Amino acid sequence: PNPKTLMLLQPAVSVGNVGQLAIDLVISTLGMTKVGYFYTDCLVPMVGNNPYATAEENSTELSINAEVYSLPSRKLVVLQIRSPFIKNKYRAFSEALLDWVLSSKCARVILLSSSHAYQRDDEQLLGTPLRYLLTPALEESVAGLMQGLKWKEMEKVAAYPGVNDTEKILNIPGGGITKLLFTECCSKGIQMAVLLKFCSEGDNIPDAFALVNYLNEWLQLIKCEVTTSPQWKVPSSWRLLFGSGLPPALF
């Protein structure tokens, strides 16, 4: 297959971990195979059991902070990030990631992200809490499709509200690496789409389902009837999302 058609899907480590949870649903539902690691010193080190364990046999496999999964039949590569960034390491990570994207001939990158709901401006409070952004390199090929789906592009906001409302900037509070990666992809001519949801910290599972359904409207990763929502498979690790319950010894 032409490697130029590979698509990379990854989360921004952002408010409520919504992108990471949505990526979990994609990997788990599509039964993607782990093909490697993204070795970096920009993330907090971590190791744990296989988050997608389906049986005793594979539950003891180890997983680390940044892993790569593949689904060759859909020419899809997924980078899952499981730990937060080390302070001041955003730019180094962004450079390493985009070098990898360019050298591995990925045709496009899709970043799943989120932004603080409470910091929206008046315009952003209207309608759906889901937004998208496209770099100029990707715009010509998919902008029409987005309009057909009636998606809303992420609005720019006043740089100096109340003082000068004509100068508009892109602002993604709580979005982690989102804005940096997006602006870098714009300047490097990389085809990138950001899909994001406005949300708050808390139980973010519903946000993750909303974001992954939004992604599915575009990419059709899993087929579903118009009247029903897609059936995503929740990974086994989600049972422990809010800790393992209160130990009975407390009482």
Side-chain angles (χ1 to χ4, degrees), residues 6-86 93 97 100 104 109-114 176 195 197 199 201-216 219-224 228-250:
L6 278 179
M7 180 161 60
L8 172 68
L9 178 65
Q10 70 159 91
V13 182
S14 52
V15 56
N17 307 104
V18 176
Q20 294 154 288
L21 292 170
I23 295 283
D24 262 356
L25 290 169
V26 171
I27 294 170
S28 177
T29 305
L30 300 178
M32 295 182 77
T33 316
K34 180 156 69 177
V35 290
Y37 306 97
F38 189 79
Y39 184 73
T40 171
D41 62 356
C42 302
L43 295 163
V44 173
M46 68 133 276
V47 65
N49 281 24
N50 178 6
Y52 311 115
T54 48
E56 284 290 313
E57 296 79 72
N58 64 5
S59 65
T60 52
E61 290 169 12
L62 293 181
S63 65
I64 63 164
N65 55 6
E67 296 188 320
V68 182
Y69 295 79
S70 163
L71 187 66
S73 62
R74 299 298 300 265
K75 299 193 172 61
L76 181 67
V77 175
V78 170
L79 169 65
Q80 176 61 304
I81 299 174
R82 297 200 178 91
S83 71
F85 282 89
I86 291 170
F93 180 84
L97 177 75
W100 177 55
S104 59
V109 182
I110 297 175
L111 185 71
L112 299 185
S113 183
S114 50
L195 272 52
K197 183 174 189 301
C199 65
E201 292 279 2
D203 175 0
N204 296 103
I205 291 175
D207 299 313
F209 277 105
L211 188 59
V212 79
N213 285 339
Y214 187 55
L215 173 75
N216 201 58
L219 294 186
Q220 303 285 308
L221 294 173
I222 55 177
K223 296 273 181 279
C224 61
T228 58
S229 51
Q231 295 300 302
W232 300 98
K233 185 176 161 218
V234 171
S236 52
S237 53
W238 281 23
R239 287 200 307 266
L240 304 172
L241 216 51
F242 299 105
S244 50
L246 296 170
L250 275 177

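Note that the structure is predicted; figures quoted are calculated from it, not measured.
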From I64 CD1 over to Y39 OH, what is the distance, rounded to the nearest 0.5 angstrom? 9.0 Å
Could you pull out the closest heavy-atom pair between P11 and Q80, with the gap in Å? CG-OE1, 3.4 Å
Ignoring hydrogens and geometry, is there a side-chain-to-backbone donor-acceptor pair from N213 to F209 under 3.5 Å? yes
How many angstroms lie between atom CG of L112 and atom NZ of K197, to the nearest 0.5 angstrom? 13.5 Å
Could you tell me if the side chain of Y69 sits less than 4.5 Å from the side chain of I23, heavy atoms only? no
Considering non-hydrogen atoms only, spot the tightest contact between P84 and V13 and give its length. CA-CG1, 4.2 Å
Look at the side chain of S83 and the backbone N and O of V44, then say whether any donor-acceptor pair between them is shorter than 3.5 Å. yes
Does S236 reach the main-chain N or O of A53 with its side chain, forming a donor-acceptor pair under 3.5 Å? yes
Once you round to the nearest 0.5 Å, how far does OG of S114 lie from CD of E201? 8.0 Å
Calculate, to the nearest 0.5 Å, the distance between atoms CD and CG belonging to E67 and L79 respectively. 9.5 Å
Quick check: do T40 and F85 have side-chain heavy atoms less than 4.5 Å from each other? no
What do the steps show when you test V212 against V26 for side-chain contact (heavy atoms from CB on, under 4.5 Å), and what is the final call? CA-CA 8 Å; V212 79; V26 171; 3.6 Å; yes
Are any side-chain N or O atoms of T29 and backbone N or O atoms of W232, one a donor and one an acceptor, separated by less than 3.5 Å? no
Looking at I81, is its backbone amide N or carbonyl O close enough to the side chain of Q20 to form a donor-acceptor pair, meaning the two atoms are under 3.5 Å apart? yes
Check N216 against P230 and note the closest heavy-atom contact, atom names and distance. ND2-CG, 3.6 Å
The test is side-chain contact (heavy atoms from CB on, under 4.5 Å); show your working for L195 and L211 and say whether it passes. CA-CA 8 Å; L195 272 52; L211 188 59; 4.2 Å; yes
Could you tell me whether a side-chain N or O of S14 sits under 3.5 Å from a main-chain N or O of G176, the two making a donor and an acceptor? no
Between atom CG of N49 and atom CD of E61, what is the distance when rounded to the nearest 0.5 Å? 9.5 Å
So W100 and V68, side-chain contact (heavy atoms from CB on, under 4.5 Å) or not? Walk me through it. CA-CA 12 Å; W100 177 55; V68 182; 4.1 Å; yes
Do Q10 and L111 have side chains that approach each other closer than 4.5 Å (heavy atoms only, starting at C-beta)? yes
Flag the pair S59 / T54 as yes when at least one side-chain heavy-atom distance between them is below 4.5 Å, and no otherwise. no
Working to the nearest 0.5 Å, report the span between CG of L215 and CG of L9. 5.5 Å
If you take all heavy atoms of L25 and P235, which pair is closest and at what distance? CD2-CD, 4.2 Å
Any side-chain heavy-atom pair from L76 and L30 closer than 4.5 angstrom? yes
Where L43 and I86 come nearest, the two heavy atoms and their spacing: O-CD1, 3.6 Å
Between D24 and Y52, do the side chains contain an N or O donor and an N or O acceptor separated by less than 3.5 Å? yes
Any donor-acceptor pair under 3.5 Å from S63 side chain to N50 backbone: no
Worked check of side-chain contact (heavy atoms from CB on, under 4.5 Å) between C199 and N204: CA-CA 8 Å; C199 65; N204 296 103; 4.2 Å; yes
Are R82 and P51 side-chain neighbours, meaning at least one heavy-atom pair lies under 4.5 Å? yes
